[in-house]
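Values below: all heavy atoms of this structure, side chains included; hydrogens, waters and symmetry mates excluded. We count residues from 1, following the sequence as given.
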Amino acid sequence: MFSCFGGVQAFAGLAEYYDHDPLRHGLVRLARYQMLPAAEREACEPAGQAPTSEALTTFRALDLLGYAYQVTGDDRFVEHARRHADTPCV
């Protein structure tokens, strides 16, 4: 539900509406996790739970990466999104 159906927008909207720094920071941490290589994400997840496609993971996280950039101004979020924007999601 988080990566589709507007989950990121809902949480980002709540963080901004209520000026809730812990939620903002949590979303930024999640964006940083999404930028990890698949092997590193797999090490953090129960066996078989982490998506293995870099492009698919990034595609699902584009809104989250954009929000993290807006909050932090860290260009790495934009660079990561651009690097995977044209990659087929297979």
Can you tell me how far the CG atom of Asp75 sits from the CZ atom of Arg82, to the nearest 0.5 Å?
8.5 Å
Verdict with reasoning, Leu36 to Arg32, per side chain to side chain contact (heavy atoms under 4.5 Å, CB included):
CA-CA 7 Å; Leu36 291 174; Arg32 286 191 176 113; over 6 Å; no
For residues Val71 and Leu27, determine if any side-chain heavy atom of one lies less than 4.5 Å from a side-chain heavy atom of the other.
no
Between Gln34 and Leu30, is any pair of side-chain heavy atoms under 4.5 Å apart?
yes
Rounded at 0.5 Å granularity, tell me how far CG in Leu23 sits from OH in Tyr17.
15.0 Å
Chi angles and distances behind the side chain to side chain contact (heavy atoms under 4.5 Å, CB included) call for Asp63, Gln9:
CA-CA 7 Å; Asp63 292 342; Gln9 292 87 348; 2.5 Å; yes
Glu16 and Arg24: which non-hydrogen atoms are nearest, and at how many Å?
OE2-NE, 2.9 Å
Taking the side chain as everything from C-beta on, heavy atoms only, tell me whether Leu65 gets closer than 4.5 Å to His80.
yes
Minimal heavy-atom distance between Tyr69 and Phe77, with the atoms involved, is N-CD1, 3.8 Å
